Enquirer: 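Okay, handing you the structure first.
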Amino acid sequence: MSDPKKTPEKSPRPDARAAKQGDARQDEGQPGNFVAEIVEADLARGATGGRLMTRFPPEPNGYLHIGHAKSIVLNFGLATLAPEGVCNLRFDDTNPETESTEYVESIQADVRWLGYDWGDRLYYASDYFPQLYAWAEKLVEKGLAYVDTRDEETIRATRGDFHTPGEDSPHRDRSVEENLKLLRAMKAGELEEGAAVLRAKIDMKSKDLKLRDPLMYRIKKVPHHRTGDEWCIYPMYDWAHGQSDAIEGVTHSVCTLEFINHHALYDWFLEALEIPEPPKQIEFGRLNLTYTVLSKRKLQQLVSEGHVAGWDDPRMPTLAGMRRRGFTPEAIVRFCERIGVSKNDGVVDVGLLEHELREHLNATSRRIMGVLDPIKLVLTNYPEDQEDWFELENIPKQPEAGTRKVPFSKVLWVERDDFMKEAPKKWWRLAPGKEVRLRGAALVTCDEVIEDAEGNVVELRCTWDPESRGGTPADGRKVRGTIHWVSAKHAVDAEVRLYDRLFAAENPSSGEGGFLDHLNPKSLEVREGCKLEATARGMAPGTRVQLERLGYFVVDADSTDAAPVFNRTITLKDSWAKIAKKLGKKG
RNA sequence: UCCGGCGUCGUCUAAUGGCAGGACAGCGGACUUUGAAUCCGCGAAUCGUGGUUCGAAUCCACGCGCCGGAACCA
């Protein structure tokens, strides 16, 4: 059952189409959601007597990813369309060979993290095994199911294919008594794995291959993560899923498009069991994202072959990975609400996800300064022992977010990328003879460049304008460039992990070769010896900040007080990079 | 090739027989103590061919294209 300690706050999710219902925003374009329209229409005509129940039904055999988030946001959002609407969390745990409690726990943590609350409605398909079995006997008694005792290959071979009808099993016409006897023997463990299966008796010649006497039970003498050794027959998906929906009283069973081929069978079972108010299955298009793979098999492979550090590697599209990367749940939910819900098999530009991320982080992240690739900058006219403490806003244009004091002294660190010996056109940053603003501190002019024997710049010698404290010159002259800096004697040394997209190809799974051929070799760059502003000392893991002019970062769980570790969540947009690219092309 | 689903700006998505709109991306400009943010502006689409209609993205017919389906997986 759900953890009673953590009664998440009543999640204030807007209902799935809140904006469409407000007349003020009637004219604003809203993303489509045909599932919500169906639900509203059903509600409006009283199809369910006012009841509304959806469910999120993961199989606990892997970690949740951004594609699941779309389904979670949809299902929990739909539940808000009626006053008494609810959404259940149900584990579809019918295959003990692949499932485990590790996944049961991570899935719950991830759904909660997104901000959703299933109340006391935490369910398991495995809790329904007794009811499912009783129903199976009922179907046998009605002559709608039979035990087939041929081997797997024979059954497969007689199913036919797209072009040829299947052949009836010779066991199709066993008597009810014999079927019951065999089914009970299966259940009692008297038959070996593979020796028998229970099949629905539908139509071996149906054009819908799913209706060619589908399997209901198979024998697996494998312990289950919840039921242990109690069962040695386990229901197949089609036999378990719709019936689980019916047991819970689900009104709208929303699933992805690949299950549309199961729709007729879903309805067949419910009808055969004479379920009075059967749930309605509705299929929508699953999420695909550019530069991303979302298939469970591929994610599993990335983990097992060590291409990433684990399911929660910050480059993974898993919710655990995104959390560690520094994503906010709000950004993910907002993204899912904005992409719309349709039956199109589309690929959403990962840029839209990044946009939502930046938008939320921009509004909520405290700013600090940090230098990732330091060069020393010495203020020749600044007294050796002097210090200034400048007050900077934590978040610009949000006075309520407060300010912080940042120390300034004679020897500073600045970013290597912010200096060029020969400045191109439109370069507003440091260069010999040029004046720039040190953000929030003062104007400085670069007088001298010191290089080592190989010609690497090792130090910039500058003079500061004492009349420009805070960054505003006394005479009002305009200084275009502003760069970030850190006082050397106050700096916090940190490791910074620069993450980028895991794949370099827009569609990693297309084209020649496998998706692994498209791994981005630069998806992770670890920088040691980065210099952060004093404020960064002792930040708790999970703290999100913007390193000004660089991007958004989050304190990683690997941090210690002595050795902080920051992950780059995402860079800021960089219009200079575009200009530089153009200049490069022209040159 | 059989069954099913789907085709609207580069991408996602509106328009439910009546002016093809929004968002992201792109491009241009303003502003700027983050080359960020913000603001303003620009370009950009109905898969094709017929038909019905005063009027079609929408209805009909025939094509074409993409995706899914022949697990004792979900």
Side-chain angles (χ1 to χ4, degrees), chain A residues 20 27-33 37 57-59 61-62 92-95 97-99 148 151-152 155-156 159-166 193-194 196-199 206-212 215-220 233-234 236-238 240-241 255-264 283 285 287 290 296 338-356 358-359 362-363 367 369 392-393 396-397 426-429 437-441 443 470-472 479-484 506 546-551 571-580:
Chain A
K20 269 197 175 166
D27 294 329
E28 265 179 48
Q30 292 297 322
N33 185 340
E37 284 169 13
E59 183 187 13
N61 69 346
D92 221 340
D93 55 349
T94 56
N95 184 356
E97 283 170 352
T98 59
E99 298 157 3
D148 198 331
D151 62 45
E152 188 173 343
I155 290 175
R156 202 195 322 262
R159 187 154 29 223
D161 60 25
F162 295 149
H163 311 292
T164 47
E193 282 191 22
V197 293
L198 183 70
R199 302 179 72 177
S206 175
K207 300 251 190 201
D208 180 348
L209 303 226
K210 284 283 182 287
L211 260 22
R212 315 242 268 225
L215 271 56
M216 294 168 65
Y217 276 108
R218 74 286 215 197
I219 299 169
K220 274 184 195 286
I233 56 172
Y234 291 95
M236 301 292 291
Y237 167 83
D238 289 300
H241 198 89
C255 61
T256 47
L257 222 38
E258 64 268 29
F259 290 99
I260 204 164
N261 296 307
H262 301 240
H263 196 135
E283 308 86 10
L287 173 68
T290 56
K296 229 173 222 182
R338 287 198 51 185
I339 55 177
V341 180
S342 75
K343 290 179 102 146
N344 293 347
D345 181 23
V347 186
V348 178
D349 188 341
V350 74
L352 182 56
L353 211 211
E354 295 174 343
H355 167 80
E356 293 300 336
R358 288 193 178 101
E359 185 159 282
N362 178 51
R367 267 118 252 224
M369 290 192 285
L392 278 79
E393 292 176 290
K397 285 175 251 169
K426 294 186 182 172
W427 176 261
W428 307 331
R429 288 123 87 158
R437 176 166 24 247
L438 298 180
R439 171 108 165 128
L443 301 176
T472 312
V479 175
R480 189 102 196 236
T482 301
I483 64 172
H484 56 276
E506 188 167 314
Q546 182 195 107
L547 290 189
E548 289 208 66
R549 303 211 305 129
L550 296 175
T571 60
L572 254 30
K573 285 212 258 177
D574 184 356
S575 60
W576 167 252
K578 281 183 194 169
I579 295 168

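Since this is a predicted model, take the numbers as computed values, not measurements. Here is the naming used below: chain letters follow the sequence lines, and residue numbers restart at 1 for every chain. Hydrogens, waters and symmetry mates are skipped; everything else that's a heavy atom, side chains included, is used.
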Enquirer: Hey, does A:L353 have a side-chain heavy atom less than 4.5 Å from the side chain of A:V348?
Expert: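 No, too far: nothing below the 4.5 Å cut-off.
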
Enquirer: How would you label the contact of A:L550 with the nucleic acid (heavy atoms, under 4.0 Å): base, sugar-phosphate, or nothing?
Expert: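 Answer is nothing: A:L550 stays at 4.0 Å or more from every strand.
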
Enquirer: Considering just the side-chain nitrogens and oxygens of A:K343, establish if one lies under 4.0 Å of OP1 or OP2 belonging to B:C67.
Expert: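 Checking B:C67 against A:K343, no side-chain N or O comes under 4.0 Å of OP1 or OP2.
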
Enquirer: Nearest-Å distance, CZ (A:R199) to P (B:C72)?
Expert: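 Answer to the nearest Å: 9 Å.
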
Enquirer: Select base, sugar-phosphate, or nothing to describe what A:M369 touches, counting heavy atoms under 4.0 Å on all strands.
Expert: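 Result for A:M369 = nothing.
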
Enquirer: Distance check needed: B:G68 P versus A:L257 CG, whole Å only.
Expert: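 Checked: the CG to P distance equals 11 Å.
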
Enquirer: Give a yes/no on whether any side-chain N or O of A:T94 is located under 4.0 angstrom from OP1 or OP2 of B:A74.
Expert: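 Checking A:T94 against B:A74: at least one side-chain N or O falls below 4.0 Å of OP1 or OP2.
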
Enquirer: Using whole Å, what does the distance between atom P of nucleotide B:C3 and atom CG of A:L209 come to?
Expert: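 After rounding, the gap between these two atoms is 11 Å.
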
Enquirer: Before you tell me yes or no, could you show the steps for A:H484 and A:L547 under side chain to side chain contact (heavy atoms under 4.5 Å, CB included), namely the whole-Å CA-CA distance, both residues' side-chain angles and the distance that decides it to 0.1 Å?
Expert: CA-CA 9 Å; A:H484 56 276; A:L547 290 189; over 6 Å; no

Enquirer: Using a 4.0 Å heavy-atom cut-off across all strands, classify A:E59 as base, sugar-phosphate, or nothing.
Expert: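 Sugar-phosphate contact only.
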
Enquirer: Considering only atom C1', compute the distance from B:A70 to B:G4 and round it to an integer number of Å.
Expert: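 Rounded to whole Å, the distance is 14 Å.
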
Enquirer: Using a 4.0 Å heavy-atom cut-off across all strands, classify A:G440 as base, sugar-phosphate, or nothing.
Expert: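 It contacts base atoms.
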
Enquirer: Under 6.0 Å between ring centres: does that hold for A:H241 and A:F259?
Expert: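 No.
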
Enquirer: Using the P atom as the reference point in each nucleotide, state the distance between B:C42 and B:C47 in Å, no decimals.
Expert: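 B:C42 and B:C47 have their P atoms separated by 26 Å.
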
Enquirer: Got a donor-acceptor pair under 3.5 Å from the side chain of A:Q546 to the base of B:U34?
Expert: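 In this structure, the two groups form a donor-acceptor pair.
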
Enquirer: Is the distance from OP1 or OP2 of B:U34 to the nearest side-chain N or O of A:T482 less than 4.0 Å?
Expert: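 Checking A:T482 against B:U34: no side-chain N or O falls below 4.0 Å of OP1 or OP2.
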
Enquirer: I need the CZ-P distance between A:F162 and B:A71, as an integer number of Å.
Expert: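 After rounding, the gap between these two atoms is 9 Å.
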
Enquirer: By the 4.0 Å heavy-atom rule, please label A:I339 as base, sugar-phosphate, or nothing.
Expert: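 A:I339: backbone/sugar contact only, no base atoms under 4.0 Å.
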
Enquirer: NA contact type, A:T98, heavy-atom cut-off 4.0 Å: base, sugar-phosphate, or nothing?
Expert: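 Counting heavy atoms under 4.0 Å across all strands, no contact is made by A:T98.
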
Enquirer: With a cut-off of less than 4.0 Å, is there a side-chain N or O of A:H484 near OP1 or OP2 of B:U34?
Expert: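 Negative; the distance criterion is not met.
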
Enquirer: For A:R218 and B:A71, is the shortest distance between a side-chain N/O and OP1 or OP2 below 4.0 Å?
Expert: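 The answer is no; no side-chain N or O of A:R218 sits under 4.0 Å from OP1 or OP2.
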
Enquirer: Do A:K397 and B:A37 have a side chain to base donor-acceptor pair shorter than 3.5 Å?
Expert: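 Indeed, a donor on one side and an acceptor on the other fall under 3.5 Å apart.
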
Enquirer: Looking at A:R156, does any N or O in its side chain come under 4.0 Å of the phosphate oxygens OP1/OP2 on B:C72?
Expert: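 Result: yes.
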
Enquirer: Any non-hydrogen side-chain atom of A:E152 less than 4.5 Å from a side-chain atom of A:I155?
Expert: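 Side-chain contact under 4.5 Å: no.
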
Enquirer: What nucleotide, of B:G10, B:A70, B:U13, holds the atom closest to the side chain of A:D349?
Expert: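 Of B:G10, B:A70, B:U13, B:G10 is nearest to the side chain of A:D349.
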
Enquirer: For the side chain of A:H262, counting heavy atoms from C-beta on, which of B:G69, B:A74, B:C6 is nearest?
Expert: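 Nucleotide nearest to A:H262's side chain: B:A74.
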
Enquirer: So for A:R429 and B:G35, does any side-chain atom that can act as donor or acceptor lie under 3.5 Å from a complementary atom in the base?
Expert: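 Yes, the side chain and the base share a sub-3.5 Å donor-acceptor pair.
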
Enquirer: Consider the side chain of A:K210, meaning its heavy atoms from C-beta on, and name the nucleotide among B:G35, B:G69, B:C27 that approaches it most closely.
Expert: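 Nucleotide nearest to A:K210's side chain: B:G69.
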
Enquirer: Do A:I260 and A:K343 come close enough that some side-chain heavy atom pair is under 4.5 Å?
Expert: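 Yes, at least one pair of side-chain atoms sits under 4.5 Å.
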
Enquirer: Side chain of A:R159 only, please: which of B:U34, B:C24, B:C72 is the nearest?
Expert: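 In terms of side-chain proximity for A:R159, the closest of B:U34, B:C24, B:C72 is B:C72.
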
Enquirer: If the C1' atom of B:C19 is compared with that of B:U11, how far apart are they to the nearest Å?
Expert: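 Taking atom C1' in both B:C19 and B:U11, they lie 25 Å apart.
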
Enquirer: Output yes when a side-chain donor or acceptor of A:R367 lies under 3.5 Å from a complementary backbone atom of A:E548, and no otherwise.
Expert: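 No.
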
Enquirer: With the side chain of A:K573 defined as its heavy atoms from C-beta on, choose the nearest nucleotide among B:A25, B:G68, B:U32.
Expert: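 My answer, after comparing the listed nucleotides, is B:A25.
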
Enquirer: Does A:S575 make a side-chain N or O approach to OP1 or OP2 of B:A36 shorter than 4.0 Å?
Expert: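 The answer is yes; a side-chain N or O of A:S575 sits under 4.0 Å from OP1 or OP2.
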
Enquirer: When you compare B:G18 with B:G55, how far apart are their C1' atoms, in angstrom units rounded to a whole number?
Expert: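 These two C1' atoms come out 7 Å apart once rounded.
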
Enquirer: Closest approach to the side chain of A:K220, judged atom by atom: which nucleotide of B:C73, B:C3, B:U34 is it?
Expert: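 Of the candidates, B:C73 comes closest.
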
Enquirer: Please check the phosphate of B:A37 (OP1 and OP2 only) for any side-chain N or O of A:R367 closer than 4.0 Å.
Expert: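 No, no such contact exists.
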
Enquirer: Does the side chain to side chain contact (heavy atoms under 4.5 Å, CB included) test come out yes or no for A:H262 and A:Y237, once each step is laid out?
Expert: CA-CA 10 Å; A:H262 301 240; A:Y237 167 83; 4.1 Å; yes

Enquirer: Hey, which sits more toward the 5' end of RNA chain B by its nearest nucleotide, A:V347 or A:G481?
Expert: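 Taking each residue's closest nucleotide, the earlier one in sequence belongs to A:V347.
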
Enquirer: Rounded to the Å, how far apart are A:D345 CG and B:U11 P?
Expert: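 Taking atom P of B:U11 as the reference, CG of A:D345 is at 13 Å.
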
Enquirer: Could you tell me whether the phosphate oxygens of B:C73, OP1 or OP2, come under 4.0 Å of any side-chain nitrogen or oxygen in A:K296?
Expert: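 Indeed not, no polar side-chain atom of A:K296 lies that close.
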
Enquirer: How long is the line joining CG of A:L572 and C1' of B:A37, in whole Å?
Expert: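 That distance rounds to 9 Å.
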
Enquirer: If a stem is a run of at least 3 consecutive Watson-Crick or G-U pairs, both distances under 3.5 Å, which stems include RNA chain B?
Expert: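 The stems that RNA chain B takes part in, listed by first number, are B:2-7 with B:64-69, B:10-13 with B:21-24, B:26-30 with B:38-42, B:47-51 with B:59-63.
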
Enquirer: Given B:U32, is OP1 or OP2 found less than 4.0 Å from the side-chain N or O atoms of A:R439?
Expert: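 No, no such contact exists.
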
Enquirer: If you look at every strand shown and take non-hydrogen atoms under 4.0 Å, does A:Y217 touch a base, only sugar-phosphate, or nothing?
Expert: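 The residue A:Y217 makes no contact with any strand.
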
Enquirer: By nearest atom, which of the nucleotides B:G68, B:G4, B:C67 is closest to the A:E258 side chain?
Expert: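 Of all the options, the side chain of A:E258 is nearest to B:G68.
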
Enquirer: Tell me if a side-chain donor or acceptor on A:R358 pairs with a main-chain N or O of A:T571 at a distance below 3.5 Å.
Expert: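 Such a contact is found between A:R358 side chain and A:T571 backbone.
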
Enquirer: Of the options B:C12, B:G26, B:C72, whose atoms approach the side-chain atoms of A:I155 most closely?
Expert: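 Minimum distance to the A:I155 side chain belongs to B:C72.
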
Enquirer: What interatomic distance, in whole Å, is found between C1' of B:U53 and the corresponding atom of B:C60?
Expert: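 It works out to 12 Å between them.
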
Enquirer: Within a strict 4.5 Å, meaning less than it, do heavy atoms of the A:E59 and A:T98 side chains meet?
Expert: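 Heavy-atom side-chain distance check passes, below 4.5 Å.
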
Enquirer: Keeping the roles fixed (side chain from A:T482, backbone from A:R437), state whether a donor-acceptor pair exists under 3.5 Å.
Expert: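 Side chain of A:T482 to backbone of A:R437: no pair is present.
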
Enquirer: Using heavy-atom distances to pick each residue's nearest nucleotide on RNA chain B, tell me which of A:E356 and A:I483 is more 5'.
Expert: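 Looking at RNA chain B, the more 5' nearest nucleotide goes with A:E356.
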
Enquirer: If you measure from the C1' atom in B:C64 to the same atom in B:A30, how many Å do you get, rounded?
Expert: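 B:C64 and B:A30 have their C1' atoms separated by 48 Å.
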
Enquirer: Assign A:L215 to base, sugar-phosphate, or nothing according to its heavy-atom contacts below 4.0 angstrom with the strands shown.
Expert: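 Since a base atom lies under 4.0 Å of A:L215, the category is base.
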
Enquirer: Between B:G26 and B:G69, how far is it from one C1' atom to the other, in whole Å?
Expert: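 After rounding to an integer number of Å, I get 39 Å for this pair.
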
Enquirer: Would you say the base of B:G35 and the side-chain of A:D574 have a donor-acceptor pair closer than 3.5 Å?
Expert: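 Checked by distance alone, the answer is no.
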
Enquirer: Counting C-beta onward and ignoring hydrogens, is there a side-chain heavy-atom pair between A:N261 and A:E283 closer than 4.5 Å?
Expert: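 A:N261 does not reach A:E283 side chain to side chain.
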
Enquirer: Let me see the working for A:I483 and A:L438 under side chain to side chain contact (heavy atoms under 4.5 Å, CB included), right down to the final yes or no.
Expert: CA-CA 5 Å; A:I483 64 172; A:L438 298 180; 3.7 Å; yes

Enquirer: For nucleotides B:G21 and B:G28, find the distance between their P atoms and express it as a whole number of Å.
Expert: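 One P to the other, the span is 24 Å.
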
Enquirer: Just N and O in the side chain of A:N344: are any of them under 4.0 Å from OP1 or OP2 of B:U13?
Expert: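 So the side-chain polar atoms of A:N344 do come within 4.0 Å of the phosphate oxygens OP1 or OP2 of B:U13, strictly under.
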
